[in-house]
Amino acid sequence: MSPPLSLSRERAGLLGLIAALAWAQLSSGAGLWGPVLLAAWSGWRVWRQAQPLARMVLVLVSAWLLNRMLLLEWQVWPLIMLLPILLTLLVFWRWDRPRVLEVMRMGRLRARHAALGVLVGLISSGVLLLWMRGFAPDLRVQAGLMPAWPVMALLAVILGFALLNSWLEEVIYRGMVQGGLAEAALPLSIVLLVQALAFAAAHYAGGVPNGWLGVGLTLLYGLALGGLRVWSGGLAAAFTAHVTTDVCIGTVLAFPAIRMEIMS
């Protein structure tokens, strides 16, 4: 039995919005007009009859594209993610506060959730180190975000980076994107794959790992994080895994000697 026409329109529009978000991560300059046009078409299809989380994704993608096109000097971490997500949450805090709380809901972190989250984070950290060892990627731009501070201060910076980056990406991809896809009653396999593809595309240019191999590795990582979100019923397990991995990334970026030892 096929879904109602309104639901089919919503699904198509939502998938188009997520595709526009992923496409924008792979584009720059005039190439951003493609994602803009796709987002405009998709937004027109979903706005009137969409579920609340689909509308939230629309606002997020619109804010993201406006940020990319108009605020060129702010295309650095964390502003490239922080501004769109804060605007989206502020808009919906007034309109639909329960949905805002839903996309940020951590849920209960039971011991088994925490253990598997840490395990996933450690495995992904090991894969990252192998990628660095095997391909010696140029991470000077990413490392340049870390200040040249004393060791104890750098450890605090690494933890702050891991917590903030993990929160931003989990709320966007597992909270809003995955939540919107689930709310549209798409099959779980499609939900997990689409959110992971969008998450992976965000790492193509400036992520760790990056490039097309980085996209492939991050796709697998995103599938694991999405699975943790479904299994635990909240963001806590995926957030735990993400923080574990980002502490590894932050350590490598903050300490040149460690980076050189891994890549030598």
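All values reported here derive from a predicted model rather than from experimental measurement. All values below were derived from every heavy atom in this structure, side-chain atoms included, with hydrogens, water molecules and symmetry-related copies excluded.
- When the side chains of ILVMFWY residues are joined at heavy-atom separations under 4.5 Å, either directly or via intervening members, Val91 and Leu17 end up in a single hydrophobic cluster.
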Report the C-alpha distance between Arg68 and Ser27 in whole Å, list the side-chain angles of each, state the deciding distance to 0.1 Å, and finish with yes or no for side-chain contact (heavy atoms from CB on, under 4.5 Å).
-> CA-CA 10 Å; Arg68 285 291 309 275; Ser27 307; 5.7 Å; no
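- Summarising the geometry of Ala20 relative to Val61, their closest heavy-atom pair is CB-CG1, 4.4 Å, with the distance given to 0.1 Å.
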Where do Leu129 and Arg133 land on the side-chain contact (heavy atoms from CB on, under 4.5 Å) test, with the steps shown first? CA-CA 6 Å; Leu129 295 178; Arg133 181 79 175 184; over 6 Å; no
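- Of all heavy-atom pairs spanning Leu83 and Asn67, the tightest one is CD1-OD1, 4.1 Å.
- Here the shortest heavy-atom pairing between Gly43 and Leu58 reads CA-CD1, 3.6 Å.
- Using a 4.5 Å heavy-atom cutoff, the side chains of Ser232 and Leu109 are not in contact.
- Taking the six-membered ring where the residue is Trp, His242 and Phe199 present perpendicular rings, their angle passing 60° and hence far from 30°.
- Taking CG from Leu228 and OG1 from Thr240, the interatomic distance works out to 9.0 Å, rounded to the nearest 0.5 Å.
- Between Tyr173 and Gln178 the shortest side-chain heavy-atom distance does not fall below 4.5 Å.
- Following chains of ILVMFWY side-chain contacts shorter than 4.5 Å, one can reach Leu168 starting from Val59, so the two form part of one hydrophobic cluster.
- Residue Trp41 qualifies as enclosed at atom CH2: its count of foreign heavy atoms under 6.0 Å is above 12.
- Going from atom CD of Gln195 over to atom CD1 of Ile190 covers 12.0 Å, rounded to the nearest 0.5 Å.
- Under the side-chain hydrogen bond (donor to acceptor under 3.5 Å, both in side chains) criterion, Gln51 pairs with no residue, sequence neighbours left out.
- Checking side-chain atoms of Arg99 against main-chain N and O of Pro52 turns up no donor-acceptor pair under 3.5 Å.
- Using a 4.5 Å cut-off on side-chain heavy atoms (C-beta onward), Trp64 and Met69 make no contact.
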Report task. Go through the steps for Val230 and Leu192 under the test side-chain contact (heavy atoms from CB on, under 4.5 Å), then give the verdict. Result -> CA-CA 9 Å; Val230 173; Leu192 293 178; 4.2 Å; yes
Let's go through Leu89 and Met176 carefully: what are the C-alpha distance in whole Å and the side-chain angles of both, what is the deciding distance for side-chain contact (heavy atoms from CB on, under 4.5 Å) to 0.1 Å, and is it a yes or a no?
CA-CA 10 Å; Leu89 294 177; Met176 295 184 187; 3.7 Å; yes
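- Pairs of residues two or more places apart, or lying in two chains, that qualify as ring pair (Phe, Tyr, Trp, His ring centres under 6.0 Å) and include a residue from residues 81-100 are Phe92-Trp95.
- Here the side chains of Pro35 and Leu65 are in contact, with some heavy-atom distance below 4.5 Å.
- Across all non-hydrogen atoms, the minimal contact from Thr88 to Leu60 is OG1-CA, 3.2 Å.
- When the side-chain hydrogen bond (donor to acceptor under 3.5 Å, both in side chains) test is applied to Tyr221, the partners found at least two apart in sequence or on another chain are Thr245.
- The minimum heavy-atom distance linking Pro256 with Ala254 is given by the pair CD-O, 3.4 Å.
- Asp138 places a side-chain N or O within 3.5 Å of a backbone atom of Arg140 that can act as its donor or acceptor partner.
- Between the side chain of Gln25 and the backbone N or O of Ala198 there is no donor-acceptor pair closer than 3.5 Å.
- Rounded to the nearest 0.5 angstrom, His203 NE2 and Leu219 CG are separated by 11.5 Å.
- The salt bridge (Lys or Arg N to Asp or Glu O under 4.0 Å) search around Glu170 returns Arg174, not counting sequence neighbours.
- Under the 4.5 Å side-chain heavy-atom criterion for Ile, Leu, Val, Met, Phe, Trp and Tyr, Trp23 and Ile172 are members of distinct hydrophobic clusters.
- Rounded to the nearest 0.5 Å, atoms CE (Met132) and CG (Leu139) are 5.5 Å apart.
- Following chains of ILVMFWY side-chain contacts shorter than 4.5 Å, one cannot reach Val247 starting from Leu122, and the two form parts of different hydrophobic clusters.
- Within the 4.5 Å cutoff, the side chain of Phe135 has no heavy atoms near those of the Met263 side chain.
- The CG atom of Leu53 sits 5.0 Å away from the CD atom of Glu102 when rounded to the nearest 0.5 Å.
- Judged by distance alone, with hydrogens and angles left aside, the side-chain atoms of Arg105 form a donor-acceptor pair with the main-chain N or O of Gly233 at under 3.5 Å.
- Taking all atoms of both residues into account, the shortest heavy-atom contact from Gly121 to Ser124 is O-OG, 2.8 Å.
- Put simply, CH2 on Trp131 and CD1 on Ile262 are 11.0 Å apart, with the number rounded to the nearest 0.5 Å.
- Side-chain N or O atoms of Arg229 include none that pairs as donor or acceptor with a backbone N or O of Ala237 at under 3.5 Å.
- Contact of the Met152 side chain with the Leu155 side chain is registered, since non-hydrogen atoms from C-beta on lie closer than 4.5 Å.
- Under a 3.5 Å cut-off, the side chain of Asp246 and the backbone N or O of Val243 do not form any donor-acceptor pair.
- Not counting sequence neighbours, Arg259 has no partner by the salt bridge (Lys or Arg N to Asp or Glu O under 4.0 Å) test.
- Looking at residues two or more places apart in sequence or on another chain, you find no salt bridge (Lys or Arg N to Asp or Glu O under 4.0 Å) involving Arg108.
- Side-chain heavy atoms closer than 4.5 Å link hydrophobic residues (I, L, V, M, F, W, Y) into clusters, and following such links, even through other members, never connects Leu163 to Val118.
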*List the steps and the verdict of ring-ring contact (aromatic ring centres under 6.0 Å, His included) for Tyr204 and Trp212.*
CA-CA 6 Å; Tyr204 171 73; Trp212 287 113; 4.8 Å; yes
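- The environment of Glu261 atom CD is sparse: at most 12 non-hydrogen atoms of other residues, nucleotides or ligands sit within 6.0 angstrom.
- Judged purely by atom type and a 3.5 angstrom limit, Thr218 has no side-chain atom pairing as donor or acceptor with the backbone of Val215.
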